[in-house]
**Student:** 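My questions all concern the structure below.
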Amino acid sequence: MPNSRPDSITITRPDDWHLHLRDGAMLAAVLPDSARQFARAIVMPNLKPPVTLTSQAAAYRQRILAAVPDGLQFEPLMTLYLTDNTAPDEIRRARDSGFVHGIKLYPAGATTNSAAGVSDLAHCTRTLEVMQELGMPLLLHGEVTDPAIDLFDREAVFIERVLMPLRRAMPELKIVFEHITTSDAAAYVSQSGGPIAATITAHHLLYNRNEIFKGGVRPHYYCLPVLKRESHRQALVQAATSGSDRFFLGTDSAPHLRGAKEQACGCAGCYTARHAMELYAQAFDAVDALGQLEQFASFNGPDFYQLPRNSGTLTLRRQAWTMPAELPADGETLVPLNAGESIPWKMA
Ligand code: DOR
Ligand code: ZN
């Protein structure tokens, strides 16, 4: 059958609404990849130590700007790391700064560098009230940490145990349910009233959990929240391509050096910044929905965050290329997702 699908697509320059840039030599290694793909990114604050203060976010922002290669334009949208002790006044400082665009909730122990996260949301009531009042978005790592809950169920249980009570108590709080991985989360977000949206990664649109175990343990497919079964992947694709304005692009690109991934207790995170838009194009093309990509990648995010849409464009072509087996980083190497594999789309 002849392929009637487009061989190239040009969209308004996209943004990444969930990104890990790290710091120091790793920042220098990974930032050019994101800056080539995206105009702006919401930058995660889970450094060691975490970015808990507006003053720390200001200094981190300067380090990021200093790492932007000549000739590229990239705006880091900063976030603060919520702790049991984040003061309501810190939220006011963050809002007044103009460069802090969200407050990230990591349930303590949920993922990489989350030890300083929130042990009980009840400790944060005043702070969350100020966020609601000021329209400062709460960005959620939406998994419970209860060891009695199966790893694959932690997102669905989070909706019942944490998200629904929170939204009943603070219905006007702006919430981004980050990197959703389940049909439960997609349904909850699309059916809820009020200011809630979700980001979806490229890898959760393309892969299910079989990928982690294909022919042996494949640590570069291990991230948190972990890949889920196929029916969940299909629900995420449906949500991303549905035309709903509640879903937008967030890569969750999370670099770790090869040695930190390939070991007895490897770190969670997939490095996708190098080829993120190509992966999203592949996922949308697979269901003949390239026409929806611009809304998901370039419009819904800025509209939710009340920021202007970008000017400028990005073109993707159906043109296979091979992802390098590894990328240099910090005197060592970083293994991208799809290392050594053929990628069917290419950014012009
Ligand atoms: O896979 C992940 N990696 N999930 C997270 O929530 C954190 C991230 C990281 O920072 O490496
Ligand atoms: Zn993340």
Side-chain angles (χ1 to χ4, degrees), residues 15-24 26-27 29-31 33-34 38 41-52 60 64 76-82 101-118 137-145 151-152 154-155 158 162 175-182 185 198-207 209 211-212 217-228 248-263 265-273 276 279 301 329-330 334-337:
D15 302 303
D16 184 349
W17 299 96
H18 182 124
L19 175 64
H20 298 269
L21 284 173
R22 315 302 191 204
D23 212 343
M26 184 64 104
L27 168 64
V30 301
L31 183 64
D33 283 346
S34 288
F38 299 105
I42 285 278
V43 179
M44 287 298 118
N46 62 333
L47 302 183
K48 282 184 223 164
V51 180
T52 55
Y60 185 30
I64 296 168
L77 308 171
M78 307 310 292
T79 62
L80 299 187
Y81 185 115
L82 186 67
H101 295 271
I103 310 294
K104 178 68 189 253
L105 165 65
Y106 287 105
T111 186
T112 309
N113 299 343
S114 63
V118 172
L138 176 68
L139 316 184
L140 295 176
H141 183 108
E143 289 190 289
V144 293
T145 54
L151 180 78
F152 291 93
R154 288 182 185 179
E155 183 172 286
F158 180 89
V162 183
I175 290 177
V176 183
F177 196 164
E178 306 263 56
H179 45 54
I180 60 167
T181 62
T182 58
T199 61
I200 308 181
T201 78
H203 45 292
H204 289 93
L205 292 176
L206 284 170
Y207 305 115
R209 64 194 189 180
E211 215 64 34
I212 310 169
V217 176
R218 301 204 302 160
H220 299 291
Y221 285 85
Y222 171 59
C223 64
L224 288 171
V226 74
L227 293 171
K228 303 296 192 299
F248 42 86
L249 185 158
T251 63
D252 200 12
S253 178
H256 294 276
L257 291 173
R258 178 193 283 278
K261 292 284 295 174
E262 298 177 5
Q263 58 151 298
C265 189
C267 293
C270 301
Y271 186 66
T272 56
L279 294 181
D330 197 4
L334 174 60
V335 179
L337 198 69

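Index from 1, following the sequence. One-based numbering, in listed order, for ligands and for the atoms of each.
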**Student:** Tell me which protein heavy atom sits closest to atom 1 (O) of ligand 1, plus the residue, atom name and distance to 0.1 Å.
**Tutor:** L224 N, 2.8 Å
**Student:** Quick one: which ligand 1 atoms are inside 4.0 Å of a heavy atom on C223?
**Tutor:** 1 (O)
**Student:** Which of the numbered atoms in ligand 1 are under 4.0 angstrom from any heavy atom belonging to A254?
**Tutor:** 3 (N), 8 (C), 9 (C), 11 (O)
**Student:** Measure across F152 and V226 and return the closest heavy-atom pair with its distance rounded to 0.1 Å.
**Tutor:** CE2-CG1, 3.6 Å
**Student:** Just heavy atoms, cut-off under 4.0 Å: does R22 contact ligand 1 by side chain, backbone, both, or neither?
**Tutor:** side chain
**Student:** Once the angle between the rings of W17 and F248 is folded into 0 to 90°, is it parallel (under 30°), tilted (30 to 60°) or perpendicular (over 60°)?
**Tutor:** perpendicular
**Student:** Return a yes/no value for G269: is any of its N or O atoms, backbone included, closer than 3.5 angstrom to an N or O of ligand 1?
**Tutor:** yes
**Student:** For the residue pair L257 and M26, establish whether any side-chain heavy-atom pair is separated by less than 4.5 Å.
**Tutor:** yes
**Student:** Where's the contact between H141 and ligand 1, heavy-atom distance under 4.0 Å: side chain, backbone, both or neither?
**Tutor:** side chain
**Student:** Taking the six-membered ring for Trp, are Y221 and Y207 parallel (under 30°), tilted (30 to 60°) or perpendicular (over 60°)?
**Tutor:** perpendicular
**Student:** Number of protein N/O/S atoms less than 2.8 Å from the Zn ion (ligand 2)?
**Tutor:** 3
**Student:** If you define the side chain from C-beta out and look only at heavy atoms, does anything of R22 sit under 4.5 Å from V30?
**Tutor:** no
**Student:** Is a side-chain donor-acceptor pair under 3.5 Å present for R258 with H220?
**Tutor:** no
**Student:** Starting from atom 3 (N) of ligand 1, locate the nearest protein heavy atom and write down its residue, its atom name and how far away it is, to 0.1 Å.
**Tutor:** A268 O, 3.0 Å
**Student:** Quick one, R218 and K261 - any side-chain contact, counting heavy atoms below 4.5 Å?
**Tutor:** no
**Student:** Side chain or backbone, does H179 bring an N or O within less than 3.5 Å of an N or O on ligand 1?
**Tutor:** no
**Student:** For ligand 1, is M44 a contact, meaning one of its heavy atoms is under 4.0 Å away?
**Tutor:** no
**Student:** Can you report which non-hydrogen protein atom sits closest to atom 6 (O) of ligand 1, along with the distance?
**Tutor:** T111 OG1, 3.0 Å
**Student:** Side chain, backbone, both or neither: which part of N46 has a heavy atom under 4.0 Å from ligand 1?
**Tutor:** side chain
**Student:** Please list, chain by chain and in numerical order, all residues satisfying side chain to side chain contact (heavy atoms under 4.5 Å, CB included) with S34, sequence neighbours excluded.
**Tutor:** L19, L21, F74, A273
**Student:** Checking K228 against T182: is there a side-chain donor and acceptor pair closer than 3.5 Å?
**Tutor:** no
**Student:** Measure from the ring center of H179 to the ring center of H204 and say whether it is less than 6.0 Å.
**Tutor:** no
**Student:** Flag the pair H203 / L337 as yes when at least one side-chain heavy-atom distance between them is below 4.5 Å, and no otherwise.
**Tutor:** yes
